[in-house]
Protein chains: 2
Amino acid sequence: MDVQRLELLRELADRGSVTAVALATHRTPSAVSQQLKVLEREAGLPLTQRQGRGLVLTSAGRALARSATDIAVSLAKATALWDEFRNQASGEVSLVTFPTAGQMLLPGVIKHLGPGLVLNCADEDPELSDFPAFTAEYDIVLAHSMSGQLSWAGRGLRVVPLMTEPLDVGLPVGHPLAGRAWVAPRDLIGETWIGVTDGYPFERILHAIEQEAGARLSMSHRFADLALIESFVIAGLGIALVPRYTSGRGQPGRLVLTPLRGIESERQIVALMRPDRAERLAVRTVIEALRREASQVQQSHAAT
Amino acid sequence: MDVQRLELLRELADRGSVTAVALATHRTPSAVSQQLKVLEREAGLPLTQRQGRGLVLTSAGRALARSATDIAVSLAKATALWDEFRNQASGEVSLVTFPTAGQMLLPGVIKHLGPGLVLNCADEDPELSDFPAFTAEYDIVLAHSMSGQLSWAGRGLRVVPLMTEPLDVGLPVGHPLAGRAWVAPRDLIGETWIGVTDGYPFERILHAIEQEAGARLSMSHRFADLALIESFVIAGLGIALVPRYTSGRGQPGRLVLTPLRGIESERQIVALMRPDRAERLAVRTVIEALRREASQVQQSHAAT
DNA sequence: ACGTCCATGTAGACAGACTAAACAGTTCAT
DNA sequence: ATGAACTGTTTAGTCTGTCTACATGGACGT
């Protein structure tokens, strides 16, 4: 029962193909296949099964892969303890984010990171992305979900809530509602909306508004990029739901954010991690920095 | 941070010398030394330190060895889960016992053990033995202690209580006290005692009797072997404290066991294990059998 | 039927952990 | 004081095991 081999099985469970595992672990597919074969012989019963041209785990294989995760976690815990002992958060940490969260949090985080800790960031369009899948590739995945709704529970991932960001109604200067301290769903009937592509949390809130107001909303466009949506709103082509902390940066003063009452209108920004990676000291350090930065952003907005 | 190397460090912590580790792991001392050197280089700071002609762990080394134990435990847990999955308790289990407990429990345990599980037993004289030290060599160590008093707490060992066995006063047939249902400490003043060698739990009870009765006891001999003590008692050379469930087998009917009241007179029989070994399915199975057997012995004596 | 995508065999190269033997320091006895 | 016996370490060389490179054999889509 070699740990390395078990790790390979776990990777197979995460990535779904021998080739992907080989790529991720800097090996040839042949090597992976051979090691899995040895593991299977040691285990005493089939762990994998051919399906089409691919390979899937048997129930036994999944069970063993779960155990492999436990081992990986306790191994990571041990090395983290060791790093604490020497108090140095070693190594590199990789991170993916969706654009707005990255813009809001990452610059501040990277500035306050100690030396010897390298944070490699990347961004990924949220519309077409399966956030949990990225945890195989990156140490930390910044994702968003509706409040209360844990879309990715039960996959065995570590979920750390970072902040909840209100979603306001974005209005152009001069709009009839632009002077109001807040608006209710019924105020919004008859407006033209700039929508976002499917899969966004915004979507559900719009439906909730429709439900509450008792009328359908007219949706004129569908964009993924926030800056694009904002420019349309500013141009008077419609109104939109926009995240409070990350809106209006491009053209300050020309977009009016108005809170929406009567509906819980917010998105939750969380960090997703594979449990073993979550234990690494370097990763935990970054997570801590993210939480500090998030609460700071929230406070600075509450003050104004 | 290789697991095998960490395991070696852990063994060093347990056994205290490179040679001992080499012997236990079927390697040459050279191999052990080399691997420890590699580990030290990986760890980044000294783990061992020469002391005299031996080698001791630094505080850093001890810390890392502790982590290594955690890893070993979770690894053992995983393989145990796997064995459960295939429901077969694989492999061999080694056990040491002091003579009386072995005589009382082991035959019954071995009889009811399933196939494919081999139990290797050995006995060790309890007088000169440091029970915890045997956990390095054997999977299960049967040890005894005074009730309530955990002589071997805090060493990071798993302790499973098996039974508490009363210690009665052994009298020869025809002794003035032999007809009594029970005796109190004051009844025992003036008797000549057959003692046991130092370190035995018996010792403390004798002291307690002295304290309670307010008089010193005269001790004529000191033996380790129970059968020898019994034969002296039967010969009328003195009386002795003997464990209730394992006495009088050699010459039935010639030794009278009389309960001692007014003093807690019992010994606790426990199983000692290294935490990682305690997780193995085969080991857990044996422990379960031991507990069953122990409670059965206790019940059968309570019935008479 | 073809090329493409998989996983898997086979042969050989390479790395790393081992043994054997010589070495160096400490302890203890004579 | 000196040698014998014990530590752990170094060196050189062997060997096991994991890797790569290349070839093979199915499964899918066109």
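In what follows, every chain begins at residue 1, and chains take the letters A, B, ... in the order their sequences are listed. Since the structure is predicted, the reported quantities are computational estimates derived from the model, not experimental observations.
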query: To the nearest Å, how far apart are A:Arg15 CZ and C:dC6 C1'?
result: 18 Å
- request: Could you grab the distance from atom CG of B:Leu142 to atom CZ of B:Phe134, nearest 0.5 Å is fine?
  value: 12.0 Å
- prompt: In whole angstrom, what separates A:Glu40's CD from C:dT8's C1'?
  reply: 13 Å
field: Presence of B:Ser17 side-chain N/O under 4.0 Å of D:dT7 phosphate oxygens OP1/OP2
entry: no
- prompt: Does the side chain of A:Lys37 get closer than 4.0 angstrom to OP1 or OP2 of C:dA7 through an N or O atom?
  reply: no
- prompt: Between atom CZ of B:Arg280 and atom OG1 of B:Thr79, what is the distance when rounded to the nearest 0.5 Å?
  reply: 8.0 Å
- prompt: Hey, does the side-chain of A:Ser30 have a donor or acceptor N/O within less than 3.5 Å of a partner on the base of D:dA21?
  reply: yes
- prompt: CG of B:Leu12 versus P of D:dT7: gap in Å, rounded?
  reply: 13 Å
message: Taking CD in B:Glu288 as the centre, count heavy atoms belonging to other residues, nucleotides or ligands within less than 6.0 Å. Is the count above 12?
response: yes
B:Leu55 CG - C:dT26 C1' separation (whole Å): 13 Å
query: Any side-chain donor-acceptor pair under 3.5 Å between A:Ser94 and A:Arg277?
result: no
query: Could you state the CG-P distance from A:Leu57 to C:dA7, rounded to the nearest angstrom?
result: 12 Å
field: Test side chain to side chain donor-acceptor pair (under 3.5 Å) applied to B:Gln35 and B:Gln4, B:Arg5, B:Glu7, the passing residue
entry: B:Arg5
query: Roughly how far, to the nearest 0.5 Å, is CG of B:Leu81 from CG of A:Leu64?
result: 9.0 Å
message: Could you tell me how far apart B:Gln51 (CD) and D:dC6 (C1') are, to the nearest whole angstrom?
response: 16 Å
Can you pull every protein N or O that's under 3.5 Å from an N or O on nucleotides 14-18 of chain C?
residue: C:dA17; atom: OP1; partner: B:Arg5; partner atom: NH1; Å: 3.2
residue: C:dC18; atom: OP1; partner: B:Arg27; partner atom: NH1; Å: 2.3
residue: C:dC18; atom: OP2; partner: B:Gln35; partner atom: NE2; Å: 3.4
residue: C:dC18; atom: N4; partner: B:Gln34; partner atom: OE1; Å: 3.2

Please list, one pair per line, the donor and acceptor atoms closer than 3.5 Å that link side chains of residues 45-53 of chain A to other protein atoms, with sequence neighbours excluded.
residue: A:Thr48; atom: OG1; partner: A:Glu40; partner atom: OE1; Å: 3.4

- line: A correct dot-bracket answer for DNA chain C, with pairs being Watson-Crick or G-U at under 3.5 Å, [ ] for crossing pairs and | for inter-strand pairs, is ||||||||||||||||||||||||||||||
- prompt: Which residues pass the side chain to side chain donor-acceptor pair (under 3.5 Å) test with B:Ser17, sequence neighbours left out?
  reply: none
- request: Would you mind reading off the distance between A:Arg41 atom CZ and D:dT18 atom C1', rounded to a whole angstrom?
  value: 14 Å
message: Nearest whole Å is fine: how far is C:dT27 C1' from B:Arg50 CZ?
response: 12 Å
- prompt: Can you list the residues that meet the side chain to side chain donor-acceptor pair (under 3.5 Å) rule with A:Arg15, with sequence neighbours excluded?
  reply: A:Glu11, A:Glu137
Tabulated below should be each protein N or O lying under 3.5 Å from an N or O of nucleotides 1-4 of chain C; please produce it.
none

message: I need the A:Leu272 CG to A:Phe131 CZ distance, nearest 0.5 Å.
response: 8.5 Å
message: Whether the side chain of A:Thr285 engages the backbone of A:Leu281 through a donor-acceptor N/O pair (distance < 3.5 Å, no angle test) should be reported.
response: yes
